[in-house]
Peer 1: 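Right, I'll just put the structure down here and ask away after.
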Amino acid sequence: MPTSFLRCFNTACAAVYPVTEVIYNCPKCGGLLEAAYEKPTWTATEMKRTFRERRMDNAPINQSGIWRYRELYPFLDSDEHIVTLREGNTPLLDAPRAAKYGGLDQITFKHQGFNPTGSFKDNGMTCGASQARRLGMQRVACVSTGNTSASMAAYASAGGLQPIIFIPHGNISYGKLAQALEYGAQTLQVEANFDQILALVRVLAERLGIYLLNSINPFRIEGQKSIAIEMMDQLDWNPPDWIVLPGGNLGNVSAVGKGLRELKEHGFITKLPKLAVIQAAGSAPFYDYMAEAGRTFHSVTHPETLATAIKIGDPVSWPKAELEIRTAGGVVESASEQEIADAKAVIGAAGIGCEPASAATLAGIKKLTAAGVIRADEHVVAILTGHVLKDPDYIYRYHTGQLKDPAGSAIAATFGNAPTVVPNDADAIAKLLG
Ligand code: F0G
């Protein structure tokens, strides 16, 4: 096992710390931290074969679509701490009609909603919870717009840890809140937004010795690298032209970008796909920042969007996200509430479905192809981050024409599919069905 360590992401500092230190920011300069490793002794060719062989193996860590690739994030000193619910193994799905809507010849969705708790958070949480056990922690905490908390609750409980979750009161979907309750988390609904609660939780975690499992935790990012790694494995290590994903706290783009860079560095792939991050227009500080050269980063004080998963105004990982976008030659786009809602219905009508935040991908792709940034014949993989059933209330309102944006304006049911109430009468129903 090569030596692993924590390193300050701020290159001017680059301080190094043991991987067992409980820190989330650099104690010297306050910068973000990342996990780093000594040069490996294996070759990419050897590892590609090993990864394939593990798919045929029944050992839980080889069945896991995260731990199967463990040599690419070797921060644990022993497998005994691993908590796995057989996460990952999420499919690549083609959707010709969604491609046409997005202005593409072809689109591939990497659907992270197929994970055990229905979102991509499981990729990172299996690593975060395993590290918590390795450190001998008893309690873990996070603030969440819903998916992180659902995932943390499940992994903590599965691993014998006590989950404590903080959520913005009234601002997460019932599907996600229900998961946290069912998985046994102590659940605190705070009268504040995500960004305010994150600051609060950081203070409490420090004061009470609770391990923080937000994406500021570098081990979460290590796990989420697997989304890119598994995708490349599924594509026989032929990178697409673009990978498109929604952006909230910007942990996921940081993880996917790091994963891709490391794959290239180690010789698994020969080129980097371009990355496109799509933010909801009412919660788009990163879009604003990247749109204007020389601008300083400003958070959005009152973020708004019905895609509550990405309702974040002060994303902690923006410096990492910036590096990944610039390295990959990527772009940042924003999408309106109407654009997200319509794209979501199109993904649903393809028989695939996803939660609102995930649909920002297709909404953004449509704009980027129209603007000539993405060409119709390029191969685009969009990451659908959460399951369609995460937010059923949104779906019902959209299809019945009752969905309103945060300002109270109606969202048109462009692709609405409202249910019809019929009498208990075969003749009447037959007439209706033609
Ligand atoms: N899509 C979904 C479904 C999410 O739940 C999130 C984030 C994102 C996209 C954005 O990912 O933050 O890494 O840029 N949800 C977090 C949560 C914030 O608490 O569940 P990001």
Peer 1: Tell me, with the steps shown, if Asp241 and Lys271 meet salt bridge (charged side-chain N to carboxylate O under 4.0 Å, His left out).
Peer 2: CA-CA 9 Å; Asp241 297 302; Lys271 69 157 196 178; 3.2 Å; yes
Peer 1: Report, as yes or no, whether the 6.0 Å neighbourhood of atom CZ on Phe297 holds more than 12 heavy atoms from other residues, nucleotides or ligands.
Peer 2: yes
Peer 1: Lys390 side chain to Gly175 main-chain N or O, any donor-acceptor pair under 3.5 Å?
Peer 2: no
Peer 1: Mark yes or no for whether Thr126, through its side chain, and Asp122, through its backbone, hold a donor-acceptor pair below 3.5 Å.
Peer 2: no
Peer 1: Assess, by modelled atom type and distance only, whether the side chains of Glu378 and Trp242 contain a donor and an acceptor separated by less than 3.5 Å.
Peer 2: yes
Peer 1: Can you tell me how the ring of Phe51 sits relative to the ring of Phe268, calling it parallel under 30°, perpendicular over 60° and tilted otherwise?
Peer 2: parallel
Peer 1: Ring-plane angle category for His387 and His111, please: parallel below 30°, perpendicular beyond 60°, tilted otherwise.
Peer 2: tilted
Peer 1: Regarding Asn115 and Arg86, is there a side-chain donor-to-acceptor distance under 3.5 Å anywhere?
Peer 2: no
Peer 1: Do Glu355 and Lys176 sit within salt-bridge range, that is, some charged N less than 4.0 Å from a carboxylate O?
Peer 2: yes
Peer 1: Can you see whether Tyr101 has Lys366 sitting over its ring - NZ or CZ less than 6.0 Å from the centre and within 45° of the normal?
Peer 2: yes
Peer 1: Could you check whether any side-chain N or O of Asn10 sits under 3.5 Å from a backbone N or O of Cys29, counting only pairs where one atom can act as donor and the other as acceptor?
Peer 2: no
Peer 1: One pair to check against salt bridge (charged side-chain N to carboxylate O under 4.0 Å, His left out): Lys258 and Glu262. What are the steps and the verdict?
Peer 2: CA-CA 6 Å; Lys258 183 173 195 267; Glu262 291 175 358; 2.9 Å; yes
Peer 1: Under a 3.5 Å threshold, yes or no: a donor from one side chain and an acceptor from the other, between Thr108 and Asp94?
Peer 2: yes
Peer 1: Strictly under 6.0 Å, is that where the ring centroids of Phe5 and Tyr17 end up?
Peer 2: no
Peer 1: Hydrogens and angles aside, do Gln338 and Thr414 bring a side-chain donor and acceptor to less than 3.5 Å of each other?
Peer 2: yes
Peer 1: Considering residues, nucleotides and ligands other than Glu182, do more than 12 of their heavy atoms fall under 6.0 Å from its CD?
Peer 2: no
Peer 1: So which of Arg70, Met56, Glu53, Arg55 actually passes side-chain contact (heavy atoms from CB on, under 4.5 Å) with Asn62?
Peer 2: Arg70
Peer 1: Ignoring hydrogens and angles, tell me if any N or O in the side chain of Tyr73 forms a donor-acceptor pair with the backbone of Ile66 under 3.5 Å.
Peer 2: yes
Peer 1: Given salt bridge (charged side-chain N to carboxylate O under 4.0 Å, His left out), test Arg133 with Glu80 step by step and report yes or no.
Peer 2: CA-CA 9 Å; Arg133 273 162 51 99; Glu80 71 181 300; over 6 Å; no
Peer 1: Can you confirm whether more than 12 heavy atoms, excluding those of Arg52, are under 6.0 Å from its CZ atom?
Peer 2: yes
Peer 1: From the options Thr90, Thr385, Ile243, Ile383, select the one residue that forms a side-chain contact (heavy atoms from CB on, under 4.5 Å) with Ile227.
Peer 2: Ile383
Peer 1: Taking it one step at a time, do Arg54 and Glu71 satisfy salt bridge (charged side-chain N to carboxylate O under 4.0 Å, His left out)?
Peer 2: CA-CA 13 Å; Arg54 286 178 181 163; Glu71 282 77 6; 2.8 Å; yes
Peer 1: If only atom types and distance count, is the side chain of Lys225 paired as donor or acceptor with the main-chain N or O of Leu72 below 3.5 Å?
Peer 2: yes
Peer 1: Looking at Trp318 versus Phe286, is the centre-to-centre ring distance below 6.0 Å?
Peer 2: no
